[in-house]
Amino acid sequence: MAFRLAPTAASEGFRLEAHDTVGSTNALALAHARAGDLGKLWVVSKKQESGRGRRGRTWATPEGNLAATLLIVSGGELRLAATLGFVAGLALADALDAVVPQGRIAIGVDGASQGKNRFELKWPNDVLASGAKLAGILLESALLEGDRFAVAVGIGVNVVAYPEDLPYPATSLRALGANCDAETLFLALSDAWNENARLWDDGRGLAAIRRRWLARAAGLGGEVAVRVDGNVVRGTFETIDEDCRFVIRDDAGTVVTIAAGDVHFGAVASARV
Ligand SMILES: O=C(O)CCCC[C@@H]1SC[C@@H]2NC(=O)N[C@@H]21
């Protein structure tokens, strides 16, 4: 089966560039922007040779997984564009709900979660299934001429395989018993992106995105440890604020707001951080 865009995405002017293998779909999308591409372009592949993860880490995309990057070129506010990761997380969770048959995957097992979602969102942008990382999202940007910038919204999903040497639990759709392929998932994702981007409405709908995100949040109200630039903040995950920053009440009762960091759930995890 070939990669295809959902009719809703095609009719709104999105384009698709599909590859069998690439270095990184994010790198390719940003190269297109620097060469003058105007955005609304999905770059997809079932394999990456040098996939990029958050915080300078690598991201493995063996044959059969999904690497998808949406290129957006804008003259708006870069601060708002940073919230597109939350739009992407919701779009991916909606797409997974649409293509993975009910009953295949248990409701979130994270004790602190609200326990009603098969696919949960872990701040800032991971998608979890059965408490393990199924997908990651990486936003990268580049400044362009004429006060414009490009954002690459990169989405990586473990469809058929996941790395086993990670310091946190990971999984794949196949390991969870869901036989969905990358092409089917992408079709649903390109549709779900449109729905959520419409809600986001160039940032005007961020409050609605935040509400939807919190309804799928993993670990809300539970014990967490957040690593921020080498420091660790421990406490209770209270909420995300209006700019989608992580809000934690630390062990001394002080509310701390965090813009970027790595979250670990639970007492055991926090002892290891
Ligand atoms: O570290 C993370 O959790 C984020 C992983 C993001 C991986 C995706 S795969 C598609 C896009 N291209 C890349 O090189 N990275 C992102």
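Every value quoted in this text rests on a predicted model; they were computed, and no experiment measured them. Whatever order the structure lists ligands and atoms in, that order sets their numbers, starting from 1.
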Participant: Mark up the atoms of ligand 1 that fall under 4.0 Å of a heavy atom belonging to Leu138, in ascending order.
Facilitator: 6 (C)
Participant: With a 4.0 Å cut-off on heavy atoms, is Asp126 touching ligand 1?
Facilitator: yes
Participant: With hydrophobic residues grouped by side-chain heavy-atom distances under 4.5 Å, do Val99 and Val157 end up in a single group?
Facilitator: yes
Participant: Just need the protein heavy atom nearest to atom 10 (C) of ligand 1, so name the residue and atom and give the distance.
Facilitator: Thr25 OG1, 3.2 Å
Participant: Using a 4.0 Å heavy-atom cut-off, say whether Ile155 meets ligand 1 through its side chain, its backbone, both or neither.
Facilitator: backbone
Participant: Do Trp193 and Leu199 land in one hydrophobic cluster if side-chain heavy atoms of ILVMFWY residues count as linked below 4.5 Å?
Facilitator: yes
Participant: Taking 4.0 Å as the limit for heavy-atom contacts, which would you say applies to Thr69 with ligand 1: side chain only, backbone only, both, or neither?
Facilitator: side chain
Participant: Should you measure from each heavy atom of Ile137, which atoms of ligand 1 turn up under 4.0 Å away?
Facilitator: 4 (C)
Participant: Relative to the heavy atoms of Arg54, which atoms of ligand 1 are at a distance of less than 4.0 Å?
Facilitator: 1 (O), 2 (C), 4 (C)
Participant: Considering Gln48, Lys133, Glu49, which one's heavy-atom position lies nearest to atom 9 (S) of ligand 1?
Facilitator: Gln48
Participant: Before giving the answer on side chain to side chain donor-acceptor pair (under 3.5 Å), spell out for Trp200 and Thr83 the whole-Å C-alpha distance, their side-chain angles and the decisive distance to 0.1 Å.
Facilitator: CA-CA 9 Å; Trp200 183 69; Thr83 62; 3.0 Å; yes
Participant: More than 12 foreign heavy atoms under 6.0 Å from CZ of Arg4: is that the case here?
Facilitator: no
Participant: May I ask you to identify the nearest protein heavy atom to atom 8 (C) of ligand 1, giving residue, atom name and distance to one decimal place in Å?
Facilitator: Gly156 N, 3.6 Å
Participant: Could you say whether the N/O atoms of Ser50 and ligand 1 ever approach to under 3.5 Å?
Facilitator: no
Participant: I'd like to know whether Phe246 forms a side chain to side chain contact (heavy atoms under 4.5 Å, CB included) with Asp241, so could you lay out the CA-CA distance, the side-chain angles of the two residues, the decisive distance to 0.1 Å, and finally the verdict.
Facilitator: CA-CA 7 Å; Phe246 195 82; Asp241 74 2; over 6 Å; no
Participant: Before giving the answer on side chain to side chain contact (heavy atoms under 4.5 Å, CB included), spell out for Thr184 and Met1 the whole-Å C-alpha distance, their side-chain angles and the decisive distance to 0.1 Å.
Facilitator: CA-CA 9 Å; Thr184 305; Met1 188 172 152; 3.9 Å; yes
Participant: With side chain to side chain donor-acceptor pair (under 3.5 Å) as the criterion, how do Arg212 and Asn196 come out once you've worked through the C-alpha distance, each side chain's angles and the decisive distance to 0.1 Å?
Facilitator: CA-CA 10 Å; Arg212 285 207 76 212; Asn196 284 283; 2.7 Å; yes
Participant: Among all protein heavy atoms, pick the one closest to atom 15 (N) of ligand 1 and tell me residue, atom and distance.
Facilitator: Arg52 O, 2.7 Å
Participant: Rounded to the nearest 0.5 Å, what's the gap from CG on Leu173 to CG on Leu96? Could you check?
Facilitator: 6.0 Å
Participant: Using a strict 4.0 Å cut-off to heavy atoms of Gly51, name the atoms of ligand 1 that fall inside it.
Facilitator: 14 (O)
